[in-house]
There are 2 protein chains.
Amino acid sequence: MKMSTKGRYGLRAMIELASHGGETPVPLSVIARSEEISERYLEQLMTKMKKADLITSCRGSTGGYCLARDAADISVGDILRAVEGNLNPVDCSVDSEAACENSGVCVAKYVWQKVNESINQAVDGISLAELVAKIPENEEKQPGAVCACQK
Amino acid sequence: MKMSTKGRYGLRAMIELASHGGETPVPLSVIARSEEISERYLEQLMTKMKKADLITSCRGSTGGYCLARDAADISVGDILRAVEGNLNPVDCSVDSEAACENSGVCVAKYVWQKVNESINQAVDGISLAELVAKIPENEEKQPGAVCACQK
DNA sequence: AAGAAATACTACTAAATCGATAGGATATAA
DNA sequence: TTATATCCTATCGATTTAGTAGTATTTCTT
């Protein structure tokens, strides 16, 4: 039951992005360098977060990524589900397609549903803004601001 | 963030074992057959659960496995941690050895700690006895009883 | 005493997943 | 026109997962 680098990198990248204030797009290279993440790999994660409408992007010179909305309106759950897929520990507990033939009488399923609920509750209860506010020494610039680039 | 077969099989095997009442040891072959799990693979999981003092075993003919204590005193968390290792989604959040050099100022760590707590709380809040009681049609026999074999 | 049935222990292996890397194509500002 | 970005797709080595395999040992039954 480990969180993969997708979730770990994705969260860190979003924290980094949010802490840049949002006035101008932040290039991938900046995020990757300061978080020490492979640029090429992080790019794939950014694509997922863009598809999930958590960030926007601008191409070309002076391009980069921006938060798609206020950091207070982006939860850690939004981020993790965007890059990791759903957070259910066992698919059959939620997805009716993945359910086995014993689904109706399966007692274990009860466990997986409880775990699933508690994980999602935990991550949905933390906003990106909250995390940025925790960064020591006022490293953050304008946590709440949304980037001028709206693409 | 998926639970592996270790956790899934381990839990099912324990439910099956607990539902046998506990008067006589239950052979691995019986559990494996009724849960449709590879006998050889399940054996390795049983070894882990034995090391965690959740079950006892008797060798030889008429041998098998028994719960080491009352099903009410075995939590799902006990079982999952026995077969999966710790349930922390990210090691650095708990294990100080695994902590990175940024551990002191890491904001992401706060997230992983919260998730860790919520997962463990969820699984520790469910007992094996509770699950056996949920089995429909009185398939269970004597949930609370502990096996005569104490080895 | 022999045989059957069970756990105990250790090593190996095929398949899937993870964590990247690679090579371009396309867009945009200076 | 050039430098600097994102976008898209494919590939690939390493690790982990899930399961096999072989053998030893213990215990009950006959």
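Reminder, nothing fancy here: chain letters follow the sequence lines and each chain counts from 1. Values below: all heavy atoms of this structure, side chains included; hydrogens, waters and symmetry mates excluded.
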Per-nucleotide protein contact string for nucleotides 24-30 of chain D, where B marks a base within reach and S marks sugar-phosphate only (heavy atoms under 4.0 Å, - for neither): -BBBB--
Is a donor on one side and an acceptor on the other found under 3.5 Å between the side chain of [X] and the backbone of [Y]?
X        : Y        : answer
A/Glu130 : A/Ser127 : yes
A/Arg8   : A/Met3   : yes
A/Arg69  : A/Asp53  : yes

For [X] and [N], give me the distance from atom [atom1] to atom [atom2], rounded to whole Å.
X       : N      : atom1 : atom2 : value
A/Leu17 : D/dA5  : CG    : C1'   : 15 Å
B/Met1  : D/dT16 : CE    : C1'   : 17 Å
B/Ile31 : C/dT7  : CD1   : P     : 8 Å
B/Met3  : D/dA18 : CE    : P     : 11 Å
B/Leu42 : D/dT20 : CG    : P     : 12 Å
B/Lys48 : C/dA8  : NZ    : P     : 15 Å
B/Tyr41 : C/dC9  : OH    : C1'   : 17 Å
B/Ile37 : D/dT20 : CD1   : P     : 12 Å

Residues, nucleotides or ligands: over 12 heavy atoms within 6.0 Å of B/Lys2 NZ: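 Yes.
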Does a nitrogen or oxygen in the side chain of [X] sit under 4.0 Å from OP1 or OP2 of [N]?
X       : N      : result
A/Tyr9  : C/dA20 : yes
B/Ser29 : C/dA5  : no
A/Tyr65 : D/dC7  : yes
B/Thr5  : D/dA18 : yes
B/Lys50 : C/dT7  : no

Test item: B/Tyr9 and B/Val83 side chains (from C-beta on) under 4.5 Å apart, heavy atoms: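 No, every pair of side-chain atoms sits at 4.5 Å or beyond.
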Separation of SG atoms, B/Cys92 and B/Cys106, below 2.5 Å: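 No; the two sulfurs sit 2.5 Å or more apart.
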Which nucleotide in the set [options] lies at the smallest distance from any side-chain heavy atom of [X]?
X       : options               : result
A/Ser4  : D/dC7, D/dT20, C/dG19 : C/dG19
A/Ser57 : C/dT7, D/dC7, D/dA5   : D/dC7
A/Glu43 : C/dG19, D/dA18, D/dC7 : D/dC7
B/Lys6  : C/dA6, D/dG19, D/dT17 : D/dT17

So, does the side chain of [X] form a donor-acceptor pair with the base of [N] at under 3.5 Å?
X       : N      : value
A/Arg40 : C/dG19 : no
B/Gln44 : C/dT10 : no
A/Arg8  : C/dG19 : no

Upstream residue (5' side of DNA chain D) when A/Thr47 and A/Gly63 are each assigned their closest nucleotide: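 The answer here is A/Gly63.
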Earlier contact from the 5' end, DNA chain D, for A/Gly64 and B/Glu39: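 Between the two, 5'-proximity favours A/Gly64.
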Cation-aromatic face contact A/Lys50/A/Tyr65, 6.0 Å, 45 degrees: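 The answer is no, since A/Lys50 fails at least one limit relative to A/Tyr65.
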Residues B/Lys6, B/Glu84; criterion salt bridge (charged side-chain N to carboxylate O under 4.0 Å, His left out); working and verdict: CA-CA 6 Å; B/Lys6 285 176 199 153; B/Glu84 289 267 338; over 6 Å; no
